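Remarks on the structure that follows.
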Amino acid sequence: MPYPAPMRTACIPLRATLLNTADIELWPGGLLQARSNGHARLLARAQRVLRRKRDGQYLAVALAEGLQPLIPNLSREPGLAIAKRTLAQDAARHRNGLERVATLPLHRMQVRLETLGLDADRYAARSGLALIPEPTQLRFAGFDRWRRALWLDPGAARAWGRMQNAALEDGIVLDAISGYRSHDYQLGIFERKLARGLTVEQILAVNAAPGFSEHHSGLALDIGTPGEPPAEESFETTSAFAWLQANAAAHGFRLSYPRDNPHGIVYEPWHWCLARRDSAG
Ligand SMILES: [Zn+2]
């Protein structure tokens with residue numbers, strides 16, 4: 001059972017996608033919780049929900065009859081034109097039955113890192129990590145431990161579903177802690193820590209720099225097992241971890257940050273990444 005039954009609605013297609021643009025995410029209807037009664041009715045009918053990436057604000061719903069704003073001054077929202085174009089392209093793609101995943105440009109991220117006082121080139125050289133672009137499209141891969149939508153690259157979503165099923169056949173329950181994370185999400189963590197008075201160096205000792213996390217690609221996910229705290233080193237003592245060590249490679253996943261990895265990132269037995277994009281199937 002790779003895709004647990006959704007909590008609120010039974011009509012989420014397994015091939016549901018998150019369309020990604022620089023400023024705005026386009027969610028499929030049925031996955032986002034309404035924050036008011038008026039919005040609940042609109043969200044229930046929405047084909048897509050436009051959501052601002054920086055703060056999660058719902059901006060508009062795409063209904064069969066057109067775009068319905070959820071905020072005043074929608075027309076002045078940064079990135080709206082690109083979001084609308086993406087909506088139109090999505091409709092065309094459905095007609096043509098095509099699925100094409102590209103990546104978003106990195107330029108904005110480089111500028112924002114400079115603003116934070118983080119030299120991306122120097123960090124890349126020192127860590128051996130690369131800036132990772134966000135994909136233009138992500139696939140719904142079921143729900144995470146907290147019943148939030150789990151988004152992954154389409155190939156990773158398929159591989160994760162197959163691996164979760166294979167584990168279950170061996171009596172092992174794998175659950176997802178976290179999959180795709182946007183640049184904005186990771187920047188938010190960084191900015192909150194800076195605001196609390198930590199230095200860039202102190203933050204980088206614990207977190208990968210924003211833009212450099214494998215989670216941005218949609219190919220990586222943090223895996224847990226029921227009864228274990230999320231993202232703790234103790235995961236390595238579980239039968240779920242032993243199963244992953246024996247079987248994950250056959251499903252295309254590898255452990256990104258083993259003990260004493262050359263990137264200087266702490267040992268993360270929970271963090272697995274698809275080693276190659278699976279374009280088939
Ligand atoms: Zn991770």
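For clarity, every value in this text was computed on a predicted model and none was experimentally measured. Order of appearance sets the numbers: ligands from 1, and atoms from 1 within every ligand.
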ask   = Any ion pair linking D23 and R108 (charged N to carboxylate O, less than 4.0 Å)?
value = yes
inquiry  = Do the side chains of R54 and E77 get close enough for a salt bridge, i.e. N-O under 4.0 angstrom?
reply    = no
message = For Y267 and F241, take the angle between the two ring planes, folded into 0 to 90°, and tell me which bin it lands in: parallel under 30, tilted 30 to 60, perpendicular over 60.
response = perpendicular
message = At a threshold of 2.8 Å, where the distance has to be below it, does the Zn ion (ligand 1) have an N, O or S atom of E214 nearby?
response = no
ask   = When you check the gap from the basic side-chain N to the acidic O, do E214 and R254 get nearer than 4.0 Å?
value = yes
key: With the Zn ion (ligand 1) as the apex, the NE2/ND1 angle for H215 and H271 - to 10°   = 100°
Atom name of the N, O or S atom in D222 that lies nearest to the Zn ion (ligand 1) = OD1
